[in-house]
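Accompanying notes for the structure given below.
Below, chain A is the first sequence line, B the second, and so on; all start at residue 1.
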There are 2 protein chains.
Amino acid sequence: MNLDLGGDFLNLLAPEYPEVLVRRYRLLRKIYYAAPIGRRTLAAYFLVGERMLRRDVDVLREQGLLMVEPRGISLTPFGETVLLAVMPYLKSFLGLTVMEEKLLKLLKVKRVIVVPGDLENDEVVLLEMGRAAARVLRECLVEGMVLAVSGGTSCAAVADMLPAAPGPPGIVVVPARGGLGEVADYQANTIAVQVAQKMNARYRQLYLPDSLSQATLQVLLQEKEIKEVIALINSARILLHGIGTAEEMARFRGAGRKEMERLARLGAVGEVFGDFYNCRGEIVERIPSLGFYLEELVKKVHNVIVVAGGKRKARAIVAVAGNHSRDLLVLDEGAAGEILKLYGAGEDSLFSPGSSSPPPGV
Amino acid sequence: MNLDLGGDFLNLLAPEYPEVLVRRYRLLRKIYYAAPIGRRTLAAYFLVGERMLRRDVDVLREQGLLMVEPRGISLTPFGETVLLAVMPYLKSFLGLTVMEEKLLKLLKVKRVIVVPGDLENDEVVLLEMGRAAARVLRECLVEGMVLAVSGGTSCAAVADMLPAAPGPPGIVVVPARGGLGEVADYQANTIAVQVAQKMNARYRQLYLPDSLSQATLQVLLQEKEIKEVIALINSARILLHGIGTAEEMARFRGAGRKEMERLARLGAVGEVFGDFYNCRGEIVERIPSLGFYLEELVKKVHNVIVVAGGKRKARAIVAVAGNHSRDLLVLDEGAAGEILKLYGAGEDSLFSPGSSSPPPGV
DNA sequence: GAAAAATGGGTCAAAAAAAGACCCACTGGG
DNA sequence: CCCAGTGGGTCTTTTTTTGACCCATTTTTC
């Protein structure tokens with residue numbers, strides 16, 4: 001699709017246009033996810049004045065894209081259609097399509113989806129990523145498969161956005177790891193349940209705290225229930241997981257200051273399943289938790305789907321997906337832009353303010 | 001190219017954008033043809049305030065598309081590049097591409113080029129049409145061919161825009177008709193000379209007033225000089241001509257009121273070479289002028305190129321090109337839109353104010 | 001069922017941007 | 001040499017935008 005070039009040319013004639021376009025799109029998207037929602041709530045969300053937001057709402061209402069009712073603002077059916085239909089064009093327009101192509105070359109992934117926006121500015125981006133991943137996830141499901149899901153906000157978003165419709169028969173959903181001291185909503189166990197219920201599938205739980213002494217772990221691993229679940233995990237054909245930054249994950253696991261410094265010295269930037277990766281994708285530290293590690297698992301799994309977003313995760317994503325094969329990577333524009341800025345030819349964008357794009361001059 | 005749909009979707013989010021886009025494009029184009037040109041002159045041309053025009057100029061200057069110097073405003077090399085490159089995208093954006101496809105089906109022409117804008121609002125459209133026709137014309141030229149050109153402003157524009165570069169050897173340019181009482185610049189003779197000189201080709205002139213008594217005509221036709229030129233005309237392989245509206249042409253030939261009424265009664269709407277066509281493409285009246293008529297000529301000619309624009313010529317164009325084979329029709333958005341409104345599924349556009357496009361609502 | 005929170009619509013004044021109408025120094029072609 | 005035409009600057013007026021409210025109503029919550 002050679003729309004990009006044309007879009008760029010057209011933008012030279014009306015350089016102020018992309019900004020409003022993106023602003024209105026974000027508005028539309030937010031309403032889609034939060035409807036019915038009020039004017040003031042929206043204004044607070046986007047950190048703009050109430051009146052300013054009102055103007056955009058008025059324009060979009062006049063276009064028949066949204067309706068404003070006493071209970072709040074929502075999309076019209078037409079608005080929903082447009083929101084969905086406009087996505088590929090907007091992606092082309094924003095250069096996300098070429099970003100995807102660049103990332104395909106840069107990373108060791110079979111497929112890349114870049115979602116417009118930045119997780120760190122706009123939380124609906126997380127839902128959007130979840131929706132994208134969920135759609136692909138459903139396509140991958142085959143009768144009788146075991147699906148392993150990890151924890152974290154990203155995976156939770158996938159579960160959230162998964163349409164509630166029966167999947168193929170015989171699917172079993174298992175958590176890909178034990179419980180971490182997280183909020184229940186973001187635990188692998190919780191997410192596994194949610195996914196299974198939406199698809200009307202079976203599920204198993206893994207009651208195994210993540211941070212245990214080796215001795216205790218060995219004892220627990222003899223338990224029949226736990227052994228069974230671990231066997232299931234190891235037989236998974238689909239694996240869905242997120243990526244953590246080394247710093248956040250270490251802090252999260254209650255690492256002391258000494259340990260943090262050690263990780264930094266080792267160059268750890270990304271974390272998955274207790275394994276810490278440096279920027280070249282080498283595992284520099286692993287927290288012995290369960291009897292399996294990601295690397296062995298990944299080799300047997302048919303489809304590995306990764307979901308991660310936000311600028312701050314750029315390095316972590318490259319660390320994990322740069323040298324280890326993944327089948328699908330869903331990320332956001334913020335992370336994608338940062339990755340290309342760090343490791344490839346960077347492209348600045350509109351969603352992430354601060355990096356304005358000066359015209360090429362003559 | 002499915003850019004149109006995307007453009008439409010994107011326009012739903014920013015409905016005010018197409019207007020500025022077109023306005024800036026017209027500005028750029030006008031400067032291209034009239035550079036160096038001053039702010040005030042431009043403002044007068046577009047019928048807008050000086051300050052308003054200034055803003056657009058400022059924006060485009062900041063984009064590096066044009067430079068403003070003491071002698072006036074002109075395009076930068078980059079601006080010229082953009083102006084040329086943006087054309088196909090703009091045409092898609094404005095729906096001209098689909099217009100071309102519709103016209104191909106509606107009319108009996110092998111190829112259609114619709115130029116953005118309306119001749120009647122913006123005179124550079126004429127030049128733009130001329131440029132488009134000139135480019136194709138040059139492609140058609142083969143060594144030793146005879147090229148017959150007609151008169152009128154449209155053909156004059158083609159001659160104007162023809163790049164001054166030698167064509168294939170042995171080309172002979174002849175006027176396709178005798179002199180009409182027109183301004184010299186628009187006479188077929190003049191245009192033939194201009195075309196020939198630009199291509200460094202030979203040419204012949206036809207000194208034969210268009211409106212003569214049959215008797216006088218017969219005498220003149222015995223002249224060796226004239227017989228030779230007529231023979232050349234009849235051997236032409238390329239024919240370039242415009243289209244006149246019946247009314248204007250009749251008035252132009254000094255028709256009385258009675259004759260005008262007669263033509264109207266006959267349903268004459270278009271005129272070419274003294275032949276008047278009704279809307280079904282039938283010749284309802286012919287002014288005996290030379291020994292040849294268009295129909296016989298067209299059959300022998302390899303390439304017939306027609307250039308005509310302006311809303312008021314819509315009916316005439318259909319009358320001539322609707323039932324008589326033509327190889328290339330160059331027209332403007334105004335005429336194209338009017339034709340489709342009259343004879344096909346009309347599409348309203350931005351160049352022709354007055355026909356705003358309301359959103360489809362829900 | 002009542003109270004509380006949130007909704008859209010409206011209004012008004014302040015602020016900012018746009019627009020119009022100039023004047024001025026200067027260039028460049030005739 | 002002159003003078004029409006040029007861009008730049010500036011002033012005021014007008015329009016638009018923006019912010020900050022209040023109000024009647026609906027919806028939710030307790």
Excluding sequence neighbours, so at least two apart, what forms salt bridge (charged side-chain N to carboxylate O under 4.0 Å, His left out) with B/Glu16? A/Arg24
Residues in salt bridge (charged side-chain N to carboxylate O under 4.0 Å, His left out) contact with A/Glu248, at least two apart in sequence or another chain: A/Arg312
Only counting residues at least two apart or in another chain, list the ones meeting side-chain hydrogen bond (donor to acceptor under 3.5 Å, both in side chains) with B/Glu128. B/Tyr33, B/Arg131
Looking only at non-hydrogen atoms, find the nearest pair between A/Ala336 and A/Met99 and report the distance. CB-SD, 3.9 Å
Under 30°, 30 to 60°, or over 60°: which ring-plane class applies to B/Tyr17 and B/Phe93, parallel, tilted or perpendicular? perpendicular
Salt bridge check: are A/Asp122 and A/Lys30 linked by an N-O gap of less than 4.0 Å? no
Residues touching DNA chain C, which here means a heavy atom under 4.0 Å, drawn from residues 45-58 of chain A: A/Arg51, A/Arg54
Got a sec, which residues hit side-chain hydrogen bond (donor to acceptor under 3.5 Å, both in side chains) with B/Glu69, two or more places apart in sequence or on another chain? none
Testing the basics here: between B/Pro15 and B/Leu12, what is the closest heavy-atom pair and its distance to 0.1 Å? CD-O, 3.9 Å
Whole angstrom value for the distance that separates C1' of D/dT26 from CD1 of A/Ile73: 15 Å
Scan residues 36-43 of chain B against DNA chain D and write down, sorted by residue number, each residue with any heavy atom closer than 4.0 Å; if none is found, say none. B/Ile37, B/Gly38, B/Arg39, B/Arg40, B/Thr41
For nucleotides 25-30 of chain C, 5' to 3', base contacts (B), sugar-phosphate-only contacts (S) and non-contacts (-) with protein non-hydrogen atoms under 4.0 Å give --S---
Among residues at least two apart in sequence or on other chains, which ones pass side-chain contact (heavy atoms from CB on, under 4.5 Å) with A/Ala159? A/Ile191, A/Gln194, A/Val195
What residue pairs, at least two apart or across chains, pass salt bridge (charged side-chain N to carboxylate O under 4.0 Å, His left out) with a residue in residues 31-40 of chain A? A/Arg39-A/Glu50, A/Arg40-A/Glu50
DNA chain C: stems of at least 3 consecutive Watson-Crick or G-U pairs, cut-off 3.5 Å? C:1-30 with D:1-30
What pairs with A/Arg71 under side-chain hydrogen bond (donor to acceptor under 3.5 Å, both in side chains), at least two apart in sequence or on another chain? none
Output all residues satisfying side-chain hydrogen bond (donor to acceptor under 3.5 Å, both in side chains) with A/Arg61, sequence neighbours left out; order by chain, then residue number. A/Asp58
